[in-house]
*Asks:* 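Pasting a structure here, questions to come.
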Amino acid sequence: MWLGNESGKKQFRAGREAWSLAAEQARTCPSFRADDEDEQCAEEELSCYNCRYRRWTADSFTCQAP
């Protein structure tokens with residue numbers, strides 16, 4: 001589900017439209033923190049797409065969690 005990138009961060013391989021997979025990953029993530037409400041895009045609150053550590057890329061996002 002994740003690929004390491006050159007900066008050592010994880011890139012989500014499933015892309016920007018894998019709603020159920022992003023929610024599944026967030027449910028098992030100890031680092032998940034909800035982003036500001038105006039930055040959230042997924043209907044499910046617990047989703048990588050709604051995480052404050054998510055940084056969008058052209059095709060997906062990277063996880064910036066410590």
Side-chain angles (χ1 to χ4, degrees):
M1 190 60 47
W2 299 94
L3 293 173
N5 66 17
E6 63 278 352
S7 66
K9 300 298 180 183
K10 302 182 302 184
Q11 181 168 355
F12 189 62
R13 292 187 318 176
R16 291 176 164 243
E17 300 295 325
W19 303 99
S20 61
L21 289 174
E24 178 183 314
Q25 292 296 298
R27 283 192 294 273
T28 62
C29 180
S31 299
F32 177 84
R33 300 293 180 274
D35 205 349
D36 293 333
E37 190 174 318
D38 60 323
E39 295 291 329
Q40 295 182 7
C41 62
E43 286 186 25
E44 282 192 61
E45 184 177 336
L46 199 60
S47 172
C48 290
Y49 295 153
N50 291 341
C51 184
R52 75 172 58 182
Y53 297 122
R54 173 254 313 122
R55 296 294 176 270
W56 293 114
T57 64
D59 299 320
S60 187
F61 70 91
T62 58
C63 177
Q64 304 290 314

*Asks:* Among all residues two or more places apart in sequence or in another chain, which pass the side chain to side chain donor-acceptor pair (under 3.5 Å) test with Q64?
*Replies:*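 Q64: side chain to side chain donor-acceptor pair (under 3.5 Å) contacts with T62.
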*Asks:* Taking all heavy atoms of A34 and all of Q40, pick out the closest pair and write down the distance.
*Replies:*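 Nearest heavy atoms, A34 then Q40: CB-NE2, 3.9 Å.
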*Asks:* Only pairs at least two apart or in different chains count here, so list each salt bridge (charged side-chain N to carboxylate O under 4.0 Å, His left out) that has a residue in residues 14-31.
*Replies:*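 Output for this query lists R27-E44.
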*Asks:* Give the minimum heavy-atom separation between Q11 and S60, together with the two atoms involved.
*Replies:*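 For Q11 and S60, the tightest heavy-atom pair comes out as NE2-CB, 4.1 Å.
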*Asks:* When clusters are formed from ILVMFWY side-chain contacts under 4.5 Å, directly or step by step, what else is grouped with F32?
*Replies:*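 Reading the cluster by chain and number, F32 sits alongside L46.
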*Asks:* Report the residues that fulfil ring pair (Phe, Tyr, Trp, His ring centres under 6.0 Å) with Y53, sequence neighbours left out, ordered by chain and then residue number.
*Replies:*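 Applying ring pair (Phe, Tyr, Trp, His ring centres under 6.0 Å) to Y53 gives none.
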*Asks:* Please list all pairs meeting salt bridge (charged side-chain N to carboxylate O under 4.0 Å, His left out) that have one or both residues in residues 52-64, counting only residues at least two apart or in different chains.
*Replies:*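 Every pair satisfying salt bridge (charged side-chain N to carboxylate O under 4.0 Å, His left out) with a residue in residues 52-64: D35-R54.
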*Asks:* Once side-chain contact (heavy atoms from CB on, under 4.5 Å) is applied, do any residues pair with S31, and if so which ones, sequence neighbours excluded?
*Replies:*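 Scan of S31 (side-chain contact (heavy atoms from CB on, under 4.5 Å), adjacent residues dropped) gives C29, A65.
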*Asks:* How many angstroms lie between OG in S47 and CD in Q25, if you round to the nearest 0.5 Å?
*Replies:*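 Answer for the OG-CD pair, S47 versus Q25, is 10.0 Å.
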*Asks:* Side-chain heavy atoms under 4.5 Å apart, restricted to Ile/Leu/Val/Met/Phe/Trp/Tyr: what other residues fall into the cluster of W19, or is it alone?
*Replies:*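 M1, W2, F12, L21, Y49, W56, F61, listed by chain and number.
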